[in-house]
**Q** 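Could you have a look at this structure, given as structure tokens, before my questions?
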Amino acid sequence: MTTSHRILGVLAATGAAVLVLSGCVAKSDAQASEAFDVSSTATDCAVSAATAKSGTLTFNVKNDTDQVSEFYLLAEDGLRIVGEVENIAPAASRTLTVVAQPGDYFTLCKPGMIGDGVGKTAFTVTGDRVAVDGPDAEQKQKAVDLYAAFVKDQVGQLVPAIEDFVAAYESGDDETARTLFPQTRAFYERIEPVAEALGDLDPRIDYREVDAVAEGLDWTGFHRIEKDLWVPAQDALNADGETPAWQDWAPSTPQERADYGDLLLADVQELYDYVHSDAFTTALDDQGIGGISNGAIALLDEVATGKISGEEDWWSGTDLYDFAANVEGSKMAFSLVQDFAVAQGDDGEALVAQIESGYAALEESLAAHGSLTDGFVGYSELTEADKREFTDLINALAEPLSQLTSTVLD
């Protein structure tokens, strides 16, 4: 994998991250450290063993490529980052140390620090749970660090996905662009609140036509391109149900496609630069775990206000992809702060159990209509009963989730 010079600037030099799962470990409870050698190549991520006992694990990562590389230990869902070490220079070595509880994980390397990585391999941790202890502030900082790593990973995967999508769109390969559209958006939808915090960046990337017109903004981004790819019928209406689809709009010329595509590339570049900047680190640190918790809530709000109504992807009908990605991002953020809620006692434990049950029910309902991996049915195929079920499940989850931030900050 090569780093694109079209969309990527100089990679941020933030140094190696040494992240610990679930905070600090009392010395008397920690298992003896196990060490593993990792070779990061252009096509593989070879780890010297695929199993370990619970406790402190050390991964000695050697970058055997000619690009800057990263190494990840991912949770069972393949999304949550348990630990990462980044900015490993060619021929250099870095060390990642984590405290891993029993469970199923994945190891992954990312040469070039973009894309979905190479050599993703199952890694199993057996044994007993390790007792966790240590300063509360330190544990909370670990959660913030892990959320930052997740955001960087999603934006890093968004970069090449956007390039492929835009290339297809600009060349007129609409069939390929239509296929890539919902999958590309998923990376963005999992971390959308980050872009929303940057003023007009989210509107440039993700505004619907009716919103842009209402606010007097130039309409660009995903949904401007979407309308070109799914050209509406002459008598169709926009998402407001009133405005004719062809009012002040016409399919883009090849030059206009190039302009819209390049603007989307530039906006994603801006997002990439931001999440690798000191400003992003400072913003997350300032917000603390409350910011992560609020992000979980905001992503569920995204589902309630746009996806469940079918207004978001009005022309493509791919709203369920956005829906699923929002839920994944929300659940991931929740997972990083749930222990702090449980620590508040019986009420916190009951709240977490209610939230977990809500996510499980929503995921089960979504799974009846497809998946991000295999594809979802079009929004028009949902019945009114399906929509009511989704609405009820979202409302049932939103109520306890709205209490999460105040609970974890007690």
Side-chain angles (χ1 to χ4, degrees), residues 165 169 174 177-186 188-189 192-193 195-196 200-252 256-257 260 263-264 267 297-327 330 362 365-366 368-370 375-398:
F165 169 65
Y169 168 67
D174 288 2
R178 283 192 289 265
T179 299
L180 295 175
F181 177 79
Q183 297 288 357
T184 301
R185 285 180 54 76
Y188 183 79
E189 292 292 330
E192 187 170 5
E196 290 177 339
D200 66 350
L201 184 59
D202 180 65
R204 299 199 315 259
I205 291 175
D206 202 38
Y207 251 27
R208 299 174 306 159
E209 183 177 12
V210 292
D211 295 323
V213 171
E215 297 184 24
L217 301 174
D218 290 336
W219 183 39
T220 62
F222 274 120
H223 296 301
R224 180 62 182 80
I225 293 173
E226 177 195 10
K227 197 170 182 179
D228 277 335
L229 296 174
W230 284 272
V231 176
Q234 290 289 334
D235 60 349
L237 297 177
N238 280 321
D240 58 5
E242 299 176 359
T243 311
W246 286 72
Q247 180 175 303
D248 301 320
W249 178 87
S252 299
E256 287 171 335
R257 284 194 175 212
Y260 288 126
L263 281 171
L264 183 56
D267 290 336
I297 297 167
L299 281 165
L300 197 68
D301 288 343
E302 286 286 336
V303 177
T305 58
K307 281 71 176 183
I308 196 61
S309 63
E311 296 175 32
E312 179 77 5
D313 300 316
W314 185 250
W315 305 115
S316 63
T318 56
D319 300 81
L320 289 184
Y321 291 82
D322 289 5
F323 186 155
N326 284 157
V327 171
S330 177
L362 191 54
S365 184
L366 267 170
H369 303 282
F376 283 101
V377 300
Y379 186 80
S380 62
E381 295 185 37
L382 297 181
T383 65
E384 290 304 314
D386 293 331
K387 297 172 190 177
R388 283 195 301 272
E389 178 177 303
F390 280 140
T391 299
D392 291 344
L393 290 171
I394 290 167
N395 289 338
L397 175 57

**Q** Mind telling me whether Phe222 and Phe165 have parallel, tilted or perpendicular rings, with 30° and 60° as the class edges?
**A**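 Ring orientation of Phe165 relative to Phe222: tilted.
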
**Q** Kindly indicate whether the side chain of Lys307, heavy atoms from C-beta on, has any atom under 4.5 Å from the side chain of Glu302.
**A**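 Yes - at least one pair of side-chain heavy atoms lies under 4.5 Å apart.
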
**Q** Quick one, Val213 and Asp248 - any side-chain contact, counting heavy atoms below 4.5 Å?
**A**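 Counting from C-beta outward, Val213 and Asp248 never come under 4.5 Å.
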
**Q** Would you please indicate if the ring centroids of Phe323 and His369 are separated by under 6.0 Å?
**A**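 For Phe323 and His369, the ring centres are not under 6.0 Å apart.
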
**Q** Determine yes or no for a side-chain-to-main-chain donor-acceptor pair under 3.5 angstrom, with Trp219 supplying the side chain and Tyr207 the backbone.
**A**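 It does hold such a pair.
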
**Q** Side chains of Tyr169 and Leu229: closer than 4.5 Å at any heavy-atom pair?
**A**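 Yes, at least one pair of side-chain atoms sits under 4.5 Å.
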
**Q** How about Leu264 and Ile205: do any of their side-chain heavy atoms sit closer than 4.5 Å?
**A**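 The answer is yes, as the side chains (C-beta and beyond) meet within the 4.5 Å cut-off.
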
**Q** Look at the side chain of Trp314 and the backbone N and O of Leu237, then say whether any donor-acceptor pair between them is shorter than 3.5 Å.
**A**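 Here the side-chain-to-backbone pair exists.
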
**Q** Please identify which of these residues, Arg224, Lys227, Arg257, meets the side chain to side chain donor-acceptor pair (under 3.5 Å) condition with Ser252.
**A**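 Exactly one pass, corresponding to Arg224.
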
**Q** Within the supplied structure, the quantity of interest is the number of heavy atoms (other residues, nucleotides, ligands) at a distance under 6.0 Å from Asp218 CG; does it exceed 12?
**A**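 12 or below, so no.
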
**Q** So, taking the atom named CD in Glu256 and the one named CD1 in Ile225, what distance separates them when rounded to the nearest 0.5 Å?
**A**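 Result: 12.5 Å between the selected atoms.
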
**Q** Which residue in the set Glu312, Glu226, Glu192 passes side-chain contact (heavy atoms from CB on, under 4.5 Å) when paired with Arg185?
**A**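 Of the listed options, the one satisfying the test is Glu312.
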
**Q** Taking it one step at a time, do Tyr188 and Asp202 satisfy side-chain hydrogen bond (donor to acceptor under 3.5 Å, both in side chains)?
**A** CA-CA 10 Å; Tyr188 183 79; Asp202 180 65; 2.4 Å; yes

**Q** Out of curiosity, Leu397 CG to Ile297 CD1, how far, rounded to the nearest 0.5 Å?
**A**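 The distance works out to 10.0 Å.
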
**Q** Are any of the side-chain heavy atoms of Glu311 and Tyr379 separated by less than 4.5 Å?
**A**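 Contact flag for Glu311/Tyr379 side chains = no.
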
**Q** Can you find a heavy atom in the side chain of Leu362 that is under 4.5 Å from one in the side chain of Val327?
**A**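 Leu362 vs Val327: side chains touch.
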
**Q** Any sub-3.5 Å donor-acceptor pair from Asp240's side-chain atoms to Thr243's backbone N or O?
**A**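 At least one qualifying donor-acceptor pair exists.
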
**Q** Flag the pair Asp228 / Trp249 as yes when at least one side-chain heavy-atom distance between them is below 4.5 Å, and no otherwise.
**A**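 Sidechains of Trp249 and Asp228: in contact.
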
**Q** Between Tyr321 (side chain) and Gln183 (backbone), is there a donor-acceptor pair under 3.5 Å?
**A**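 Not a single qualifying donor-acceptor pair exists.
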
**Q** Can a donor-acceptor pair be found, under 3.5 Å and without considering hydrogens, that links the side chain of Ser330 to the backbone of Asn326?
**A**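 Not confirmed, Ser330 side chain does not pair with Asn326 backbone.
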
**Q** How many angstroms lie between CG in Leu393 and CG in Leu366, if you round to the nearest 0.5 Å?
**A**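 The CG atom of Leu393 sits 9.0 Å away from the CG atom of Leu366.
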
**Q** Are Asp386 and Glu381 close enough that some pair of their side-chain heavy atoms sits under 4.5 Å apart?
**A**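 Contact flag for Asp386/Glu381 side chains = no.
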
